[in-house]
Amino acid sequence: MPRRSRLIFHIDVNSAYLSWEAADQLQHGASLDIRTVPSVIGGDAEKRRGIVLAKSIPTKKYQINTGDTLYSARLKCPQLLIFPPRYDLYIRSSAAMLELLGEYSPSIQRYSIDEVFMDYTKMEEHFGEPIRVAHHIKDKVKRELGFTVNIGIAENKLLAKMASNFTKPDRVHTLFPEEIPTKLWPLPVEDLFMVGRATVPKLHRIGIYTIGDLAHSDPKLLKKRLKSHGTLIWNYANGKENSPVGNIPGIKSIGNSSTISFDVEDRKTAHMFLLSLTEMVAMRLRSSNYLAQVIGVSLKSQEFFSYSHQRRLYTPTDSTNKIYTTALALFGEMWQGEPLRALGIRVGGLVDNTPRQLSLFDPGDLYRQRALDTVVDKMRVKYGSNIIMRAVFLHSGIKPLTGGVGEEDYPLMSSIL
DNA sequence: TCTGGGGTCCTAGGACCC
DNA sequence: TCTGGGGTCCTAGGACCC
């Protein structure tokens with residue numbers, strides 16, 4: 001075995017949402033393992049959220065893809081089983097896996113709810129040869145937690161991630177430098193991380209169809225055509241990437257958006273949804289101990305046209321009222337009365353919420369506003385998010401908070417991901 | 001009963017300043 | 001009287017990820 005500059009593991013849960021649902025069902029006495037039949041996790045079509053979020057391996061021969069509408073998925077496979085998402089279960093399952101992995105290295109990075117990077121460099125003396133240990137870890141996850149993972153092993157994060165994407169499920173793959181020509185380069189270019197829907201046709205147009213084609217193309221030409229993104233994917237195709245595991249920079253923005261079960265056509269209803277979203281975003285902002293300098297509103301029309309407006313404030317804020325009134329102003333500037341399918345609020349330009357010089361233009365009731373927001377946050381954490389709500393939501397049929405993970409059950413969970 | 005939600009980063013163009 | 005030019009900030013939109 002050659003000496004490796006670094007040893008990086010990428011652990012990827014196979015069909016995460018679906019695997020976690022399957023494992024939970026079996027633990028509760030189900031006789032059918034839904035991973036063995038065509039099945040998907042999908043949103044609620046009546047609420048216009050009916051898309052495939054995760055799919056079992058047997059759906060492959062029906063050509064069902066993540067993102068398909070449930071309508072089209074059912075056309076492809078009439079006997080398809082569909083289960084709703086359960087974000088609380090996913091958060092618990094993900095945390096259990098992270099805890100298990102923590103035994104094998106002090107350097108662990110949660111990349112998403114179902115992907116983890118682990119730096120195994122210099123850990124061999126403790127736990128042994130990397131491929132053997134990877135098998136041990138994957139078998140332990142299966143035995144103790146009830147779901148399967150793929151593990152990719154390489155000298156950097158990019159190649160480890162590419163390796164974990166090879167054949168699934170329940171597999172360990174390596175992608176060391178000497179294996180790049182045989183294992184990576186033959187793959188279609190769209191399989192490369194960061195080569196998405198818009199880039200593929202541009203690459204095809206210049207005769208690039210495989211990752212190998214990209215690796216051997218002229219980086220100057222790519223840069224000319226694709227700017228910095230061209231340089232990035234050329235490096236990736238050649239296996240060049242050297243970011244460390246861990247040291248995730250702080251969050252940059254916090255947002256929530258929602259597709260509404262009906263088209264919003266009047267200002268009053270739109271305002272209520274904006275308030276509901278603002279309540280969630282502002283609560284998350286305060287719990288993260290940041291203040292926001294930029295407030296943004298995004299809309300999606302019935303015809304799927306998306307657009308947004310944002311504004312930078314003179315004074316950073318975490319006040320629900322300030323964010324809401326800014327959002328209303330932005331909404332008023334951009335909305336021409338077209339039916340709306342979705343609305344969103346996002347705050348950015350985050351700065352630490354440490355004691356600061358008050359601007360001359362701060363409202364005099366700043367502290368009273370803050371005290372009120374803080375009390376409401378505490379009550380919602382303690383008694384549930386519906387314990388206190390703005391009067392406009394009474395009998396409106398609209399939830400007083402919208403967004404976050406797990407809807408009303410886990411209003412604060414999203415901020416840990 | 002047709003198309004989610006939460007993020008990050010980049011680019012282009014305009015405003016503004018010197 | 002013939003329209004410089006660089007730097008920075010801001011905003012809108014797009015591309016990508018899971």
Side-chain angles (χ1 to χ4, degrees), chain A residues 10 12-13 15-17 40-54 65-75 82 84-85 87 90 94 110-117 157-158 161 164-165 190 192-202 223 226-233 236 248-263 277 280-281 284 288 293-314 330 333-334 341-350 402-407 413-417:
Chain A
H10 180 253
D12 190 334
V13 180
S15 316
Y17 289 3
V40 299
I41 304 297
D44 184 344
E46 280 189 22
K47 291 183 172 165
R48 308 203 291 186
R49 294 167 186 180
I51 64 162
V52 173
L53 299 165
N65 296 310
T66 303
D68 283 357
T69 61
L70 294 183
Y71 176 83
S72 80
R74 255 185 295 239
L75 285 181
I82 302 174
Y87 295 103
Y90 308 155
S94 175
R110 168 183 249 155
Y111 181 69
S112 72
I113 195 162
D114 66 338
E115 291 182 37
V116 175
F117 288 104
K157 282 159 71 175
L158 181 271
K161 186 164 166 54
S164 70
N165 254 323
E190 57 267 33
L192 184 64
F193 180 67
M194 290 305 289
V195 174
R197 233 183 39 199
T199 306
V200 170
K202 294 180 193 171
K223 174 146 197 198
L226 301 173
K227 313 291 181 193
S228 63
H229 190 236
T231 305
L232 180 82
I233 61 176
Y236 282 2
I248 310 146
I251 52 163
K252 304 275 169 52
S253 70
I254 295 171
N256 287 107
S257 63
S258 183
T259 294
I260 315 299
S261 57
F262 54 92
D263 285 336
L277 288 159
M280 179 60 79
V281 170
R284 291 175 59 203
S288 72
Q293 279 187 285
V294 179
I295 315 293
V297 173
S298 60
L299 304 177
K300 179 149 72 180
S301 75
Q302 177 209 341
E303 296 165 318
F304 276 81
F305 182 69
S306 295
Y307 45 105
S308 65
H309 270 208
Q310 64 178 55
R311 176 166 302 159
R312 180 167 283 264
L313 306 173
Y314 290 108
L330 290 162
E333 291 166 16
M334 62 195 297
R341 177 187 175 89
L343 298 92
I345 300 276
R346 179 164 295 278
V347 297
L350 302 185
T402 296
V405 172
E407 300 288 341
M413 279 303 198
S414 55
S415 54
I416 64 163
L417 295 181

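Naming: A, B, ... by sequence-line order, numbering from 1 per chain. What you see is a predicted model, and the numbers here were worked out from it, not measured in a lab.
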Checklist outcome for this item: Winner on side-chain proximity to A:Lys252, out of B:dC9, C:dT11, B:dG5, is B:dC9
Next on the checklist: Let's see if you can work this out: which of C:dT11, B:dC2, B:dT1 has an atom nearest to the side-chain heavy atoms of A:Thr69?
Outcome noted: B:dC2
Rounded to the nearest Å, what distance is computed from the [atom1] atom of residue [X] to the [atom2] atom of nucleotide [N]?
X: A:Arg48; N: B:dG4; atom1: CZ; atom2: C1'; result: 12 Å
X: A:Leu226; N: B:dC9; atom1: CG; atom2: C1'; result: 15 Å
X: A:Ile51; N: B:dG5; atom1: CD1; atom2: P; result: 8 Å
X: A:Lys300; N: B:dT3; atom1: NZ; atom2: P; result: 10 Å
X: A:Lys223; N: B:dT11; atom1: NZ; atom2: C1'; result: 13 Å
X: A:Asn65; N: B:dC2; atom1: CG; atom2: C1'; result: 16 Å
X: A:Leu299; N: C:dA12; atom1: CG; atom2: C1'; result: 13 Å
X: A:Glu46; N: B:dC2; atom1: CD; atom2: P; result: 11 Å

Checklist outcome for this item: So the stems of DNA chain B, runs of at least three Watson-Crick or G-U pairs (under 3.5 Å), are B:5-18 with C:5-18
Next on the checklist: Distance check, P atoms only: C:dC17 and B:dC2, in whole angstrom units.
Outcome noted: 29 Å
Checklist entry - How far does the P atom of C:dT3 sit from the matching atom of B:dC16, given to the nearest Å? => result 23 Å
Counting only side-chain nitrogens and oxygens, does [X] get under 4.0 Å of the OP1 or OP2 atom of [N]?
X: A:Ser228; N: B:dT11; result: yes
X: A:Lys47; N: B:dT1; result: no
X: A:Asn256; N: B:dG5; result: no
X: A:Arg311; N: C:dT11; result: no
X: A:Ser253; N: B:dG6; result: no

Side-chain donor-acceptor pairs under 3.5 Å in residues 294-301 of chain A, sequence neighbours left out?
from	atom 1	to	atom 2	distance (Å)
A:Ser301	OG	A:Glu303	N	3.2
A:Ser301	OG	A:Phe305	N	3.2

Quick check: do [X] and [Y] have side-chain heavy atoms less than 4.5 Å from each other?
X: A:Val52; Y: A:Asn65; value: no
X: A:Ile113; Y: A:Tyr17; value: yes
X: A:Val200; Y: A:Val195; value: yes
X: A:Leu158; Y: A:Phe193; value: yes

Checklist entry - Crowded around A:Phe262 CZ? As in, over 12 foreign heavy atoms under 6.0 Å? => result yes
Hey, does [X] reach any base, or is it just sugar-phosphate, or nothing, if we go heavy atoms under 4.0 Å?
X: A:Leu70; result: nothing
X: A:Gly50; result: sugar-phosphate
X: A:Ser72; result: nothing

Whether the [X] and [Y] side chains hold a donor-acceptor pair (N or O, under 3.5 Å, no angle test) is what I'd like checked.
X: A:Ser94; Y: A:Arg110; value: yes
X: A:Thr259; Y: A:Arg49; value: no
X: A:Arg341; Y: A:Ser261; value: no

Item to check | Side-chain donor or acceptor of A:Arg346 paired with backbone N/O of A:Asn256 under 3.5 Å | outcome: no
Checklist entry - In the 5'-to-3' direction, what one-character label does each nucleotide of nucleotides 13-18 of chain C receive under the scheme B = base within less than 4.0 Å of a protein heavy atom, S = sugar-phosphate only, - = no such atom? => result S-SSSS
Item to check | Nearest-nucleotide 5' precedence on DNA chain B, A:Gly250 against A:Phe304 | outcome: A:Phe304
Item to check | Closest-nucleotide ordering on DNA chain B, the 5'-leading residue of A:Gln302 and A:Pro249 | outcome: A:Gln302
Next on the checklist: In terms of relative ring orientation, are A:Phe117 and A:His10 parallel, tilted or perpendicular, with 30° and 60° separating the classes?
Outcome noted: tilted
